[in-house]
Amino acid sequence: MEIKPVKGAHDVIRDEASDYNRIEEALIRIAEVYAYEEFRTPVLEHTELFTRSVGDSSDIVRKEMYTFLDKGGRSLTLRPEVTASIIRTIVNNKLYANQDFPIKAYYLGPVFRYERPQAGRYRQFSQFGIEAVGLDSPLIDVEAIALGYNCLKALKLEDITLKINTLGDEESRNNYREALRRYFEGHITNMCPDCQERLKLNPLRILDCKVESDREIIKSAPRIHDYLSIASKDRFDKTVNLLDSLGIKFDIDESLVRGLDYYSEVVFEYHFISSSGQTLGALGGGGHYSELVSEIGGPSLVGVGLSFGVERLVQVVASEKSLPDYASFVTFYVMPVGNVELEKVYEINEKLRRFGYPTEMSYEIKPLKTLFKKAERRNALFAVLIGEDEIKNDTLTLKNLRTQEQTTVAMGDIERVVDQMIYEVLQAIDEEEK
RNA sequence: GCGAACGUGGUGAAGUGGUUAACACAUCUGGCUGUGAACCAGACACUCGUGGGUUCGAUUCCCAUCGUUCGCCCCA
C-alpha cells in the first residue's frame, strides 16, 4: 500500500517551492524594513499555553487542536498559531526587563489545525506574522496594519479589502457583552444551535454567524460602538485617522470579531477579491491584545500582532500572476561525448561548480540528442561538451543554447571567458523580458 | 461535525456487464558512433482507489470504506 501524505498536509516541490521562497523572502524583507527581528519557537508547546491564550471558548481550542500525551504523560499540542509562543518566549527570556519597548518579533513557520481541508485551507499550513509587545499606543497598532498592507503591496496584490473594527477595552467589552446577552436572550430560541452555544460561551461570536435567519436578528443587535469607553473610542478614532493620513483604505466592519479570545481594541483582516470570484477567506489578520502577556505569566504588557497564511498568499499570487514567472535554471549542462572517460568529465564538472556556477552533468554517456533535451529541460544557458579531443587538448567546447554559438575555450582561460559570456547572456535575457 | 462531486498509465483524459481498456502529451529505445527541439518505427495499465455483494462473467451495477476536491461552520 502506498503511503500518502496526512490529510490536510501538502508537499511543496520544485517550482512551487521557489514560489514559496520568493513570497516568504518578500514578507521577511518587509518585516525587516519595519525593524522586526526573527523569533523561532518550537512547534510543540504545552497545551495549557493555548487554552490560556487563545481561549477555551474559541473554536481553535474547542475542536481544532492536535493535542496528545507524550510518553511522560504531558499534554502537548502542535501549535495552532504562534502569537502565544512568541509571548511565552518574551516572558521566559524576560525580554521586557530593559524596558525598551516595543519588543518586535517576526516569525514564519508551520501551524496545525484539525479542520476539514478545502480551498486555501490545510491542516498544516504556514503562518508569517509579527508581534509588537510592550508599547501601548495606536501608533504601533497602525504600524502592524501598515506592515501587513505593505506585504500585500510587495506581492503586487491589488483588490485587497482591509476590514477593521474595535472590540474596545475590557470595560467596554463587558458592558457590550452584557448588552448582547440581554438582547439575544429574547431571540435565542429562534436561532441556530451554534448561536445558542455561543450565547453561553461568548456572545460576541454570534455577530460572526452566517446563518440567514440569524443575520436578521443580528442586524438589530446592540453595536459595540455605543458601548465603547471614552478611552477606547478615542483610541479607535486615532487609529482610523492615522490610517487615513497614510492613504491606507479600509472598511469599518462592526461584525468583525475574530476567533481568538485574546483580542481587544482594534482588530483587522485583509480580504482578497479574486477576479475569478473564488473566496479564500482572510489572507491575514490580527489585532491588539491587552491581557495576553499577563495571562501567560508575564507583567502587564499590551501588544499587537498580525499574521498571514502563506499558502493563501501563494495561491492568490499564482492565480493572479501578480509576480513574474520564475524558472530555475543551470548555467552549465555538462555532456560527455563519445567514448570519454566519465571520471575526467566529472573533474571538469566539479571545477565549474567550484567557480560557483549552477552546473549539472549527465553522469552517463547518452546520445547527444538526449543530452540536449535534458539541458533544455533544465533551462541551461550553456552546453559544455567534453569528448576525447577536449580532454587531450585541455579545452572545453561551450555552446550558447540561446544563440547556438559555439566556442572552444582553453581550460586556463575558463573563469575569465565564462564570466564574460554569462554576463552577456543574462543581459540578453533581460533585454528580451523588456 | 454536516452536505455535494469525483477516484482509469508519469500527466491529461475517453470508454464498456463479456475475453487485446481508446487517444494525446511526457518518458525510454532505435533510424542518426561528436551536436538536440522536426520526422519515422517500436516500448510502457501483473489491483481500472480498497474490501465485499449481485452475476456464468464486474473497471462498468449495488453497498461499505478510504482518499481527493468543493461548499457550510470557523479561520490563515
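Letters A, B, ... mirror the listed sequences (proteins, then strands); counts begin at 1. Just so you know, these numbers use all the heavy atoms, side chains as well, and skip hydrogens, waters and symmetry mates.
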How does protein reach along nucleotides 1-6 of chain B, written 5' to 3' as B (base within reach of a heavy atom under 4.0 Å), S (only sugar-phosphate), or - (no contact)?
-> BBB---
Could you run through nucleotides 30-38 of chain B and give me one letter per nucleotide, 5' to 3': B if any protein heavy atom sits under 4.0 Å from the base, S if only the sugar-phosphate is that close, - if neither?
-> BB--BBBB-
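Nucleic acid contact class of A:G129 (heavy atoms, under 4.0 Å, all strands): none. Counting non-hydrogen atoms under 4.0 angstrom, A:Y122 reaches a base of the nucleic acid.
A salt bridge does not link A:K156 with A:E320: none of the charged nitrogens is closer than 4.0 Å to a carboxylate oxygen. Looking at A:R235 and A:D169, no side-chain N of the basic residue comes within less than 4.0 Å of a carboxylate O on the acidic one, giving no salt bridge. The pair A:E178-A:R181 counts as a salt bridge, with a side-chain nitrogen and a carboxylate oxygen less than 4.0 angstrom apart. Under the 4.0 Å criterion applied to side-chain N and carboxylate O atoms, A:E265 and A:R173 are not assigned as salt-bridge partners.
Nucleotides B:C62 and B:G7 are separated by 13 Å at their P atoms, to the nearest Å. One P atom belongs to B:G10, the other to B:C28, and the distance between them is 16 Å to the nearest Å. Going from the C1' atom of B:G17 to that of B:G31 covers 45 Å, rounded to whole Å. The gap from the P atom of B:U55 to that of B:U50 amounts to 23 Å, rounded to the nearest Å. Comparing B:A24 with B:C40, their P atoms sit 11 Å apart, to the nearest whole Å. Taking atom C1' in both B:C75 and B:A22, the straight-line distance is 46 Å, to the nearest Å. Going from the C1' atom of B:A43 to that of B:G9 covers 13 Å, rounded to whole Å. Taking atom C1' in both B:A58 and B:G49, one finds a spacing of 16 Å when rounded to whole Å.
Taking atom CG of residue A:D15 and atom P of nucleotide B:U11, one finds them 17 Å apart after rounding to whole Å. The nearest whole Å value for the distance from the NE2 atom in A:H10 to the P atom in B:A76 is 17 Å. Remark: P of B:A76 and CZ of A:F112 are 16 Å apart, rounded to the nearest angstrom. Straight-line distance from the CZ atom of A:R121 to the P atom of B:U69: 13 Å, rounded to whole Å. If you take CD of A:Q124 and C1' of B:A76, they are 14 Å apart, rounded to a whole angstrom. Remark: C1' of B:U69 and CD of A:E311 are 17 Å apart, rounded to the nearest angstrom. One atom, NZ of A:K7, and another, C1' of B:U68, lie 8 Å apart when rounded to the nearest Å. Rounding to whole angstrom units, CG of residue A:L313 and P of B:C75 are separated by 18 Å.
The aromatic rings of A:Y183 and A:H187 lie tilted to each other, with the angle between the two planes from 30° to 60°. The aromatic rings of A:F128 and A:F308 sit parallel, their planes meeting at an angle under 30°, below the 60° perpendicular limit. Between A:F382 and A:F332, the ring planes lie tilted relative to each other; the angle falls in the 30° to 60° range.
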A:E64/A:R123 under salt bridge (Lys or Arg N to Asp or Glu O under 4.0 Å): CA gap, chis, key distance, verdict | CA-CA 9 Å; A:E64 293 176 3; A:R123 288 183 174 181; over 6 Å; no
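Along RNA chain B, the nucleotide nearest to A:R123 and the one nearest to A:K63 differ in position, and the one closer to the 5' end is contacted by A:K63.
Under 4.0 angstrom from either OP1 or OP2 of B:A76 there lies at least one side-chain N or O belonging to A:R258.
Between A:F39 and A:Y107, the distance separating the two ring centers is not shorter than 6.0 angstrom.
Under the Watson-Crick or G-U wobble criterion, with both distances below 3.5 Å, B:U50 is paired with B:A64. Of the nucleotides present, B:C56 is the one that pairs with B:G18 by Watson-Crick or G-U wobble criteria, both distances under 3.5 Å. Under the Watson-Crick or G-U wobble criterion, with both distances below 3.5 Å, B:C70 is paired with B:G3. Across all strands shown, B:A37 forms no Watson-Crick or G-U wobble pair with both distances under 3.5 Å. In a base pair of the Watson-Crick type (N1 to N3 plus N6-O4 or O6-N4) or a G-U wobble (N1-O2 and O6-N3), with each distance short of 3.5 Å, B:A43 is matched with B:U27.
Stacking between A:F125 and B:A76 is shown: the ring centroid lies under 5.5 Å from the centre of the six-membered base ring, and the planes differ by under 30°.
Surrounding NE2 of A:H46 are at most 12 heavy atoms belonging to other residues, nucleotides or ligands under 6.0 Å away.
Side-chain atoms of A:T41 never come within 3.5 Å of backbone atoms of A:I86 as a donor-acceptor pair (strictly under, hydrogens ignored).
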Set out, line by line, the N/O atom pairs under 3.5 Å between protein and nucleotides 43-48 of chain B.
none

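Of the listed residues (A:V384, A:I386, A:V345, A:L368), just one forms a side-chain contact (heavy atoms from CB on, under 4.5 Å) with A:M335, and that residue is A:L368.
Using a 4.5 Å heavy-atom cutoff, the side chains of A:S307 and A:T83 are not in contact. Considering only heavy atoms from C-beta on, A:I90 stays 4.5 Å or farther from A:V293 through its side chain.
One cannot find a donor-acceptor pair under 3.5 Å joining the base of B:C74 and the side-chain atoms of A:R113.
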